[in-house]
Amino acid sequence: MNPENLQVKIKAENLDFYYGANRALKNVTIECFDKKVTAIIGPSGCGKSTFIRTLNRMNDVIPGTRLEGKILIDGADIHAPDVDVVDLRRRVGMVFQKPNPFPKSIFDNIAYGLRINGMKNKRKIEEVVERSLRGAALWEEVKDRLNDNAFSLSGGQQQRLCIARALAVEPEVILFDEPCSAIDPIATAKVEDLIEHLKTRYTVVIVTHNMQQAARVSDYTAFMMLGELVEFDRTEKIFTNPANKLTEDYITGRFG
Amino acid sequence: MRRSTRKKLVQAAGFLALRVAMGLVLAVLVLFLYDIGRKGGGAISWEFLSQAPRRGMTEGGIFPAIVGTFLVTVITALLAIPLGMCSAIYLNEYARQNRLTRLIRLSIRNLSGVPSIVYGLFGVILFVNALRLGTSILSAGLTLGLMTLPWTITASEEALKTIPDSYREGALALGATKWQAIRTNVLPYAVPGMLTGTVLGLARAAGETAPIMFTGAAFYLPYLPKSLSDQFMALPYHLYIMATQHHAIQQVRPLAYGTALVLIVLVLGLNMTAVVIRYRLRRKRR
């Protein structure tokens, strides 16, 4: 499934994932293209969040889980023994469902990723903080109060702060795990604009509950159900002419 | 209508019961502090606080006991704080949550319920005899440290549990190592809670008699301890002697009350320190 001959950034091959004995992903094979937005949709519990969290190995930290199959980023297996998971997570950024700013100042939130990665130069840090905040369309709103605590921002601003924080460490891929489920419609529109804009530089994968959102922001859409990938195609195609009956039933709101 | 009146009555009765319970507890505390304050207040003077006991402890002050309790509490803190915090970090952040860690945790909870006299005897066997530290400040402090550890560990672990996982995940997702995430994004917010629990444990240890009476506390010493391997006088033990073992109990009763007052003020002071630490660090975090 690669009609436009795009460069494959992420490839999952026969991916299985288990929470203890519970198989949450069943033989998922999918390709996410470079500098495109791939949306993962599906009913609750279909495994979409589990899937996206395998891409930066965030599930590693959950005890009792097991993964089979392969995930390749730029053709390299991310579970290969020589892969440093810390480095992988820097390259594959993540924005979580609920905005999770750290209880630090706005500035320190963005600088956090730089500092833990060893950047000491103050001027350089300031530069990256500004660039990241601009990149997340937040700079104008916060430039006069960078030293305020991040908790003083509204929910939508907090989520854009988290996006800026992810941008600061210069990732190649950004994963969004239902980024708008905890913020209001106006803030959602801003985040969606932002995602639209981000794909010019990054590969974006977004899990969403909201089908309109998938239709609005993504180039490709994957529909998952009960841990299986049901259909994967250009977003246009999925929403106008899905090949699978299940997909059609889901997007037309017959269940889900 | 009738039903809603009944519901309100039940609620009023419920609240009343809660108030009475709280009031009773407060009344006991106030009565207790008032009694000790009234009977011990008269004994307090600069001389009482700054001089050693004289004439078979019927006169003079309690200065050596204050010094002894202070030194022993320092040793207790030096053992219990770092070891307790590190253990808690290990248990909560690093250890796999399996049967072994559950067993360890259960054992720690149980240890906090072991009577203090048992710790005292254990201290005699381990520190005084086996490690040949003798009856000394060191032995007594380490014994109290062991006794405080379960409290420190439990309080620290509870403090770590209050830090949302999103702080850890957020840091990891930015390419932090596990230790970096803990050090920079968990500990700064957990330490106030950890310290509070720890200082409360120390306050309790400072007031203990049983663990120190065989491991280093002396009935009476005419001099101050010169090193950590000396014996010492301690406030709780001194109070115990003045209240039950002295040859002229009636005569020294005011001194005993004075000692009790000093001990209580010291323990309350430590507890207040815990409150202040927590308040300060919380404000810094905002």
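The sequence lines fix the lettering, A, B, ..., with proteins before strands; numbering per chain opens at 1.
Residue A:Arg57 does not touch chain B at all, counting heavy-atom pairs closer than 4.5 Å. Only the backbone of A:Pro101 comes within less than 4.5 Å of a heavy atom of chain B; no side-chain atom from C-beta onward does. Residue A:Val95: no heavy atom, backbone or side chain, is found under 4.5 Å from chain B. Heavy-atom distances place both the backbone and the side chain of A:Val86 under 4.5 Å from chain B.
Taking a 6.0 Å sphere around CZ of B:Phe32, one finds it holds 12 or fewer heavy atoms contributed by other residues, nucleotides or ligands. Sparse packing is recorded around CZ of A:Arg201, with 12 or fewer heavy atoms of other residues, nucleotides or ligands lying under 6.0 Å away.
In this structure, B:Tyr167 and A:Phe102 have perpendicular ring planes: the angle between them is above 60°, well past the 30° mark.
Here CG of A:Asp108 is found 11.0 Å from OG1 of B:Thr184. Values are rounded to the nearest 0.5 Å.
Comment: A:Arg89 does not engage B:Glu169 in a salt bridge, judged by the lack of any side-chain N to carboxylate O separation of less than 4.0 angstrom.
Contact annotation: the side chain of A:Pro103 approaches that of B:Tyr189 to within less than 4.5 Å [non-hydrogen atoms, C-beta and beyond].
Ranked by non-hydrogen atom pairs under 4.5 Å with chain B, the options A:Asn100, A:Leu88, A:Asp148 are led by A:Asn100. Interface check for chain B: of the options A:Met94, A:Lys98, A:Arg115, A:Arg165, the most heavy-atom pairs under 4.5 Å are formed by A:Arg165.
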